[in-house]
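One structure below.
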Number of protein chains: 4
Amino acid sequence: MPKLGMEEIRRRQLIDATIASIHEVGFADSSLSRISAKAGVSTGIVHHYFKDKADLLEATLRRLGTNLRLAVVSRLRGAKTPVERLMAVIDGNMGSEVFTPEGVSAWLAFWAQVPNNERLARVQRIIVGRLHDNLVDALRPLTPGHDVQAIATLVASLIDGLWLRAALKREPPNGETARLLVIDYLNAKLNLNIPME
Amino acid sequence: MPKLGMEEIRRRQLIDATIASIHEVGFADSSLSRISAKAGVSTGIVHHYFKDKADLLEATLRRLGTNLRLAVVSRLRGAKTPVERLMAVIDGNMGSEVFTPEGVSAWLAFWAQVPNNERLARVQRIIVGRLHDNLVDALRPLTPGHDVQAIATLVASLIDGLWLRAALKREPPNGETARLLVIDYLNAKLNLNIPME
Amino acid sequence: MPKLGMEEIRRRQLIDATIASIHEVGFADSSLSRISAKAGVSTGIVHHYFKDKADLLEATLRRLGTNLRLAVVSRLRGAKTPVERLMAVIDGNMGSEVFTPEGVSAWLAFWAQVPNNERLARVQRIIVGRLHDNLVDALRPLTPGHDVQAIATLVASLIDGLWLRAALKREPPNGETARLLVIDYLNAKLNLNIPME
Amino acid sequence: MPKLGMEEIRRRQLIDATIASIHEVGFADSSLSRISAKAGVSTGIVHHYFKDKADLLEATLRRLGTNLRLAVVSRLRGAKTPVERLMAVIDGNMGSEVFTPEGVSAWLAFWAQVPNNERLARVQRIIVGRLHDNLVDALRPLTPGHDVQAIATLVASLIDGLWLRAALKREPPNGETARLLVIDYLNAKLNLNIPME
DNA sequence: GATGAATGAGGGTTCATTCAT
DNA sequence: TATGAATGAACCCTCATTCAT
């Protein structure tokens, strides 16, 4: 009889191994044999839980997006003021759960696949769209008289750039420093006084 | 003397074909046979002019960096005022010679290789360092009382983020829009009045 | 006793599914997982009722042979005259119970395995031998002065050829047409007057 | 510089090895690694000369058809009388160049693939059609008052059946015996006197 | 009896690289 | 200088078979 919940466990194992492998050796060298070895299972098992390698990769990107969404959602729950809500979105994209060595490596790797992979592109568009919407919602009460769309685009681009630079560095990414750069911009542009503690 | 400069011609052919191929089918599918076909030469020829595939890729990244450097240098030549010098650096990184569909695609592809490829990483560090130095030099006369390093980092990150987003989009990248976002930030942060014509 | 005969039921299910699968996708693509899915059981069950895949295939060929034998035997039961007995053998090999799309497909598939599979070869030799013996017995009273062995061989070869051609055609096999060709030969060779109604 | 005619040599090597392999171990076990080993080349080379395995197999079936056609054509060249022309067709399909152990094995193997492989089916229809046309042409002057189509079909089926039986036997096929069975049928049916020397 | 998760060998295929020409 | 034939390792994937449940 099938062990209950085994499917979810195995899928998670394999997705985690995929992220770890991409971090360690990169996208190109993340073969299924390496991934399954890292997950501690046989190569054949992958095709029990995923249609093929592309399916595993898509699920992995989806998971990265989910992690990001959860990081924002959990912070929004405790946010009361407009500034707190804005910072929930910013911090949700810079927090220590997501802004990890493995996380930024995997993100960069997947981004590079997007231009030539429609299925990954679709997932990525959802993730990017969600960040943009979150930013616009959070910025609107704080930006009377400004072009909120442009500011959201700038902040999103800045966040992307910081993720990119984090991925390119050898050291573990420093979310705190990255966060301060975003706050500094917002304070200057919107005449806010978000504390940079 | 008909063969004079043959080496340089062939190397350039192959590098151009590499960039074009990466743009068209991505890094993973840019096999040497595809690249050489695109360059109109045989597969074997690659190893006459490059040690191996890694060597060709490194040369390609180097060329991308050179293009960027030249775009900045040529603009700096006509720059007189501090603001003009700053804009020379910005525009050199957003100008239509470099901010092309092929250019941004190739950049993104190489970025993704850097974390797991020390040789490419070395080249990339040089390029990043040069942009940072250029920015610091240009910003210093305009930023009394500010942390010039932080501002340079923010601008550089923003530029990277804009390149990244340009690569992820389907449409040809719009350097003008990207440029305006950077100017807008600088005007707000440094109380400048760089015209956004 | 509800489980009584379960073994026979399961074996029959799987054999039928094997024949159906071979007809649908061919011998090569008739994997155990496909066969068991078609039979509506799990993959593991096959090894409860058959030693391995080769065993299932052998049982399937045996069943095909049995079907043929029964088709002949049942017709022989009502045959009185020598001609009727001959026609019982012919029709038993061309009748609508056996000369079906699935039947001819499966036969052809198994024939192709025989030269390199001793176990299947053994089964096939029994089936071929039985047809030959049946034909010789039925022909003897009708072929005074002829080489009964040669005629039996020719008829058997002709029947095989007609099965083969039926399997290669896209349309459902036409046993009636095939039958008439055999009768026509016998009438010509033996100066008989078997009606071709 | 490419060795002239190398392509034709290699293709022939590989096709011959394919036929030999099918004869030795059957269609299913004729992997590319086995075929290329038998041809004395590496596995990778197959894809220089054939698009993929299906392409090699199709070329192999085509070659078998060509061999058959040539065997008939060469005999037709010396045929003067109608009977000689008929025998040229018969003997061309039973001659020692084509009615070999490897030949009949490969034929049976390919026949079994036809129902589930449209590309092979197309080639096979051409071959079958050619035999039928040849037979009708040769039979027409000898069959006044008969249904020439039906006789051609019977002869073709008989030939197929004899090939089939030859493939199923362990011994090398005996073309002479097979040939006599066909002649015997024709003599009986058409009141001919083709000598059975 | 029955399931389907798990294994690992072997399949076809692609590829960077080498080398005879 | 230039070719492309040739190699063999590594890839993804499928499969028969086993076994814990």
Side-chain angles (χ1 to χ4, degrees), chain A residues 1-4 6-7 9-10 28-37 40-56, chain B residues 2-3 6-7 9-10 28-37 40-57, chain C residues 2-3 6-7 9-10 28-37 40-57, chain D residues 1-4 6-7 9-10 28-37 39-57:
Chain A
M1 102 199 65
K3 239 180 289 192
L4 234 61
M6 206 53 177
E7 168 147 0
I9 291 172
R10 280 279 180 270
D29 289 339
S30 288
S31 63
L32 285 187
S33 84
R34 186 187 289 270
I35 290 171
S36 45
V41 296
S42 71
T43 68
I45 205 65
V46 176
H47 297 86
H48 269 270
Y49 295 106
F50 298 94
K51 193 173 135 301
D52 53 17
K53 188 182 185 183
D55 190 31
L56 167 60
Chain B
K3 290 287 165 54
M6 201 55 173
E7 168 149 357
I9 290 172
R10 282 276 182 269
D29 289 339
S30 289
S31 62
L32 284 187
S33 84
R34 183 188 290 269
I35 289 171
S36 42
V41 298
S42 71
T43 68
I45 206 69
V46 176
H47 293 84
H48 272 274
Y49 294 106
F50 297 95
K51 193 172 133 297
D52 54 16
K53 189 182 186 183
D55 191 30
L56 167 60
L57 292 174
Chain C
K3 289 287 166 56
M6 201 55 173
E7 168 148 357
I9 290 172
R10 282 275 182 269
D29 289 339
S30 288
S31 62
L32 285 187
S33 85
R34 184 188 288 270
I35 289 171
S36 42
V41 297
S42 71
T43 68
I45 206 68
V46 175
H47 293 83
H48 271 275
Y49 294 106
F50 298 94
K51 193 173 134 297
D52 53 16
K53 190 182 185 182
D55 191 30
L56 167 59
L57 292 173
Chain D
M1 103 199 65
K3 237 179 290 189
L4 232 62
M6 205 53 176
E7 168 147 359
I9 291 171
R10 281 277 180 271
D29 288 338
S30 288
S31 64
L32 286 186
S33 85
R34 185 188 291 268
I35 290 171
S36 44
V41 297
S42 71
T43 68
I45 204 65
V46 175
H47 295 86
H48 269 271
Y49 295 105
F50 298 94
K51 193 173 134 299
D52 54 16
K53 188 182 185 183
D55 191 30
L56 167 59
L57 292 174

Distance test, side-chain N/O of A:S31 to OP1/OP2 of F:dC11, below 4.0 Å: yes
Figure out the CD1/C1' separation between D:I45 and E:dC19, and round it to whole Å. 13 Å
With the side chain defined as heavy atoms from C-beta on, D:M6 is closest, among F:dT7, F:dA5, E:dA2, to F:dA5
All N/O donor-acceptor pairs, side-chain side in residues 39-51 of chain D, below 3.5 Å, sequence neighbours left out:
none

Is B:R10 near enough to F:dA2 that one of its side-chain N or O atoms lies under 4.0 angstrom from OP1 or OP2? yes
Select from A:G44 and C:G44 the residue whose nearest nucleotide in DNA chain F is closer to the 5' end of that strand. A:G44
Checking F:dA5, F:dG8, E:dT13 against the side chain of D:H48 (C-beta onward), the nearest is F:dA5
Taking for D:A54 and for A:V46 the nucleotide of DNA chain E with the nearest heavy atom, the one nearer the 5' end belongs to A:V46
How many whole angstroms separate atom CD1 of C:I9 from atom C1' of E:dA2? 15 Å
Whole-Å distance separating the CG atom of B:D52 from the C1' atom of E:dC15: 14 Å
Which nucleotide sits closest to the side chain of D:S33: E:dG11, F:dC11, E:dT13? E:dG11
Tell me: CD1 of A:I35 to C1' of F:dC11, nearest whole Å? 12 Å
Distance test, side-chain N/O of A:T43 to OP1/OP2 of E:dG8, below 4.0 Å: no
Could you tell me which non-hydrogen atom of A:R34 sits nearest to which non-hydrogen atom of A:D29, and how far apart they are? NE-O, 3.2 Å
Distance in angstrom units between D:E7 CD and F:dT3 C1', rounded: 15 Å
Using a 4.0 Å heavy-atom cut-off, does D:V41 contact any base of the nucleic acid, only the sugar-phosphate backbone, or nothing at all? sugar-phosphate
Pick base, sugar-phosphate or nothing for A:L32, based on heavy-atom distances below 4.0 Å to the nucleic acid. sugar-phosphate
Tell me: CZ of A:F50 to C1' of E:dA5, nearest whole Å? 15 Å
Ignoring backbone atoms, test whether A:H47 places a side-chain nitrogen or oxygen under 4.0 Å from the OP1 or OP2 oxygen of F:dC13. yes
By the 4.0 Å heavy-atom rule, please label B:Y49 as base, sugar-phosphate, or nothing. sugar-phosphate
Which nucleotide in F:dC13, F:dT1, E:dG11 has an atom nearest any side-chain atom of A:K53: F:dC13
Could you check which nucleotide pairs with F:dA20 in any of the strands shown, counting Watson-Crick or G-U wobble with both distances under 3.5 Å? E:dT3
Between F:dT17 atom P and C:K51 atom NZ, what is the distance in whole Å? 8 Å
Output the rounded distance in Å from CG (C:D29) to C1' (F:dC15). 12 Å
